[in-house]
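Following: one structure in structure tokens, then a few remarks.
The figures here come from the full heavy-atom set of this structure, side chains too, leaving out hydrogens, waters and symmetry mates.
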Amino acid sequence: MNLIEVLMAAGLFLGSSAASMLVWSRATAVLVADSERLRRLDDLEAELQAGEARLRDPTQFFASPTADCSDQALRLVAVLDNQPPPLGVVRQIVLPEGTKPMLVRLSAGDVERVRAYNPAAFGGCGTRPEDEQGGG
């Protein structure tokens with residue numbers, strides 16, 4: 001084997017090794033990014049579960065069964081606002097008008113989770129006294 005053949009073989013070996021390392025590097029970067037994204041999704045889901053547990057806590061002060069559901073929604077927002085979200089998580093609560101459920105939107109980086117909560121599901125909503133008497 002002469003010197004040119006050895007240099008050509010070394011060049012091919014180095015080129016294929018560099019290409020292989022690039023492929024492995026990119027595959028590892030994708031796996032790390034996916035792992036981080038899944039961790040953020042798990043954090044958001046855990047925060048949603050913790051928030052729902054706080055809303056279902058029987059020791060929370062809720063309105064009487066004759067309260068308006070909009071009052072109950074404000075109480076639920078106060079319960080959620082009482083506990084700030086974990087570091088890196090942004091919580092946004094949307095209270096639509098009428099009887100539509102409130103939306104709790106959590107985001108962390110490029111991932112987002114949205115959950116709708118109907119205030120009536122947590123108790124404290126009912127008919128108003130004037131409705132029971134015939135709409136006074």
Side-chain angles (χ1 to χ4, degrees):
M1 194 189 279
N2 61 25
L3 183 59
I4 293 181
E5 290 174 338
V6 170
L7 290 176
M8 289 295 288
L12 287 174
F13 177 75
L14 288 175
S16 64
S17 296
S20 176
M21 291 302 286
L22 182 64
V23 167
W24 279 104
S25 171
R26 288 189 180 173
T28 303
V30 167
L31 287 175
V32 167
D34 283 348
S35 172
E36 181 65 21
R37 186 174 189 276
L38 285 175
R39 187 194 60 75
R40 287 194 308 263
L41 278 171
D42 286 344
D43 290 347
L44 294 181
E45 187 61 32
E47 177 59 23
L48 279 173
Q49 294 296 325
E52 188 168 333
R54 285 191 302 273
L55 293 176
R56 293 194 183 281
D57 184 4
T59 62
Q60 296 294 331
F61 175 74
F62 291 106
S64 67
T66 59
D68 186 10
C69 277
S70 60
D71 294 337
Q72 179 66 358
L74 293 175
R75 283 186 171 81
L76 295 176
V77 169
V79 168
L80 289 176
D81 284 343
N82 195 23
Q83 178 78 27
L87 188 64
V89 175
V90 176
R91 180 190 307 140
Q92 179 186 12
I93 301 172
V94 179
L95 280 173
E97 291 295 322
T99 59
K100 295 179 183 175
M102 69 179 202
L103 297 176
V104 176
R105 179 176 288 127
L106 296 176
S107 60
D110 62 338
V111 295
E112 180 179 79
R113 298 281 293 154
V114 178
R115 181 106 7 116
Y117 293 111
N118 190 334
F122 298 98
C125 292
T127 59
R128 296 184 198 141
E130 60 267 12
D131 291 339
E132 291 177 358
Q133 298 171 357

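Note: Asp81 CG to Leu76 CG = 11.0 Å, rounded to the nearest 0.5 Å. Arg37 contributes atom CZ, which lies 11.5 Å from atom CG of Asp42 (distance to the nearest 0.5 angstrom).
A heavy-atom distance below 4.5 Å is not found between the side chains of Asp57 and Val79. For the pair Glu45/Leu41, no side-chain contact is recorded, criterion being any heavy-atom separation below 4.5 Å from C-beta on.
Residues satisfying the salt bridge (charged side-chain N to carboxylate O under 4.0 Å, His left out) criterion with Arg40, sequence neighbours excluded, are Glu36, Asp110. Scanning for salt bridge (charged side-chain N to carboxylate O under 4.0 Å, His left out) contacts around Glu112 gives Arg105, with sequence neighbours left out.
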Would you tabulate the side-chain donor-acceptor contacts of residues 10-32 under 3.5 Å, counting partners in other chains and residues two or more places apart, or write 'none'?
residue: Ser16; atom: OG; partner: Leu12; partner atom: O; Å: 3.1
residue: Ser16; atom: OG; partner: Phe13; partner atom: O; Å: 3.0
residue: Ser17; atom: OG; partner: Phe13; partner atom: O; Å: 2.8
residue: Thr28; atom: OG1; partner: Trp24; partner atom: O; Å: 2.8

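Checked by atom type and distance alone, the side chain of Arg54 never pairs as donor or acceptor with a backbone atom of Asn82 at under 3.5 Å. Listed for the Glu52 side chain is no donor-acceptor partner under 3.5 Å among the backbone atoms of Gln49.
One hydrophobic cluster holds both Leu48 and Leu95 under the rule that ILVMFWY side chains link at heavy-atom gaps under 4.5 Å. One hydrophobic cluster holds both Val114 and Val94 under the rule that ILVMFWY side chains link at heavy-atom gaps under 4.5 Å.
For Ala116 against Leu103, the heavy-atom pair with the smallest separation is CB-CD2, 3.6 Å.
Salt bridge Arg113/Glu47: absent, no basic N to carboxylate O contact under 4.0 Å.
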